[in-house]
Amino acid sequence: MKTIQINATARNEYGKKVAKHLRKEGKVPCVVYGLGEHMDITVSEDELRKLIYTPHIYIVELNIDGKIYPTVLKDAQYHPVKDNVLHVDFLRINEEKPVEIEIPVVLDGLAEGVRAGGKMNLRMRKLRVKGIFTNIPERLHIDVTKLGLGKSIQVGELSFEGLELTNAKESVVCAVQLTRAARGAQAAAANS
């Protein structure tokens, strides 16, 4: 897994007014928790941009006033209209304790249903997994070569070594949908 270092400063003032003032200065109020500790920090928006607006997942080395804390991005809250970051939660990681994190999904291969004229629809771009952070890959690869027309892959059908999927088992990850062209081909084949 890739690592990124972000500079942060500890804060000891709280409340809506303080958070509003920090955001006007281009800083984001954040929280670091885990391993029996809780810290309130601030990070500049520019530092967070390289972490949040990317499809990759990172181990975040938070440099808080000169001390390094290995963490992962747990949650981010956004402004409903402006879409800028309002608050971020970081979770400290430990090599013995499992973490829960969302990982991007990559579909490998050309599905049989797509060859027959269907359209691949990726419904879940990320899956939530639980595991030791050293076992967590950068992406989850799913083989779709045997997926036929009108068929789908659900979370319950997937398994990855050393990881536990925490999404609902019935959730559809990807499906091959019938297109008008595929329906026409099926109808023509049925009539002949």
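Numbers here are sequence positions counted from 1. Hydrogens, waters and symmetry mates play no part in the numbers below; they use all other heavy atoms, side chains included.
Residue Arg125 places its CZ atom among 12 or fewer non-hydrogen atoms of other residues, nucleotides or ligands, all under 6.0 Å distant. Within a 6.0 Å radius of CD in Glu25, other residues, nucleotides and ligands contribute more than 12 heavy atoms. In this structure, Lys50 places its NZ atom where more than 12 heavy-atom neighbours from other residues, nucleotides or ligands lie under 6.0 Å away.
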Derivation and outcome, side chain to side chain contact (heavy atoms under 4.5 Å, CB included), residues Phe160 and Val129:
CA-CA 9 Å; Phe160 299 95; Val129 300; 5.7 Å; no
Verify side chain to side chain contact (heavy atoms under 4.5 Å, CB included) between Ile52 and Val88, making sure each step is shown before the conclusion.
CA-CA 10 Å; Ile52 290 180; Val88 176; 4.0 Å; yes
With side chain to side chain contact (heavy atoms under 4.5 Å, CB included) as the criterion, how do Val85 and Glu45 come out once you've worked through the C-alpha distance, each side chain's angles and the decisive distance to 0.1 Å?
CA-CA 8 Å; Val85 182; Glu45 270 187 84; 5.6 Å; no
Set out, in order, the CA-CA distance, both residues' side-chain angles and the distance that settles side chain to side chain contact (heavy atoms under 4.5 Å, CB included) for Leu127 and Leu158, then state yes or no.
CA-CA 11 Å; Leu127 290 175; Leu158 301 172; 4.0 Å; yes
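Between the side chain of Arg11 and the backbone N or O of Glu13 there is at least one donor-acceptor pair closer than 3.5 Å. A donor-acceptor pair under 3.5 Å links the side-chain atoms of Arg115 to the main chain of Leu110, judged by distance alone.
One side chain, His87 or Asp89, offers a donor N or O that lies under 3.5 Å from an acceptor on the other. Of the N and O atoms on the side chains of Asp46 and Ser44, not one donor lies less than 3.5 Å from an acceptor on the other residue.
Note: the hydrophobic cluster containing Ile103 also contains Val99 (ILVMFWY, side chain heavy atoms under 4.5 Å, direct or indirect links). There is no path of hydrophobic side-chain contacts, each under 4.5 Å, that joins Val60 to Tyr33. By the rule that hydrophobic residues join a cluster once side-chain heavy atoms approach within less than 4.5 Å of another member, Phe90 and Leu22 end up as members of separate clusters. Hydrophobic clustering places Leu140 together with Leu122 (ILVMFWY residues linked when any side-chain heavy atoms are closer than 4.5 Å, directly or through intermediates). Under the 4.5 Å side-chain heavy-atom criterion for grouping Ile, Leu, Val, Met, Phe, Trp and Tyr, Tyr53 is connected to Leu73 within one hydrophobic cluster.
With rounding to the nearest 0.5 angstrom, the CD1 atom of Ile136 is 8.5 Å from the CD1 atom of Ile93. His56 contributes atom NE2, which lies 10.5 Å from atom CD1 of Ile4 (distance to the nearest 0.5 angstrom). In this structure, NZ on Lys27 lies 12.5 Å from CG on Leu48, to the nearest 0.5 angstrom. Tyr69 OH to Glu37 CD: the interatomic distance, rounded to the nearest 0.5 Å, is 6.0 Å. Annotation: the span from Lys74 atom NZ to Thr71 atom OG1 amounts to 12.0 Å, rounded to 0.5 Å. Atoms CG and CG, from Leu178 and Leu149 in turn, are 5.0 Å apart once rounded to the nearest 0.5 Å.
Between Asn7 and Glu47, some side-chain heavy-atom pair lies under the 4.5 Å cut-off. The side-chain heavy atoms of Leu91 and Phe133, taken from C-beta on, include no pair separated by under 4.5 Å. Within the 4.5 Å cutoff, no side-chain heavy atoms of Asn12 are placed close to those of Asp40. Counting heavy atoms from C-beta outward, Val31 and His38 have side chains that approach closer than 4.5 Å. No side-chain heavy atom of Ile57 sits under 4.5 Å from any side-chain heavy atom of Glu102.
In plain terms, the two heavy atoms of Gln5 and Ile68 that are nearest each other are NE2-CD1, 3.2 Å. Between Ala8 and Ile41, the shortest heavy-atom distance links the atoms CB-CD1, 3.8 Å. The two atoms that bring Ile132 and Glu95 nearest to each other are CG2-O, 3.2 Å, heavy atoms only. The shortest heavy-atom contact between Glu138 and Pro104 is O-CD, 3.5 Å. Val72 and Tyr58 make their closest contact through CG1-O, 4.2 Å (heavy atoms, listed as atom of the first residue, atom of the second, distance). Taking both residues in full, the closest heavy atoms of Pro137 and Leu163 are given as CD-CD1, 3.7 Å, listed atom of the first, atom of the second, then distance.
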Can you list, pair by pair, the side-chain donor-acceptor contacts under 3.5 Å of residues 164-176, counting residues two or more places apart and other chains?
from, atom 1, to, atom 2, distance (Å)
Thr166, OG1, Glu100, OE2, 3.2
Thr166, OG1, Arg128, O, 3.2
Thr166, OG1, Arg128, NE, 3.3
Asn167, OD1, Arg128, N, 2.7
Ser171, OG, Ala168, O, 3.3

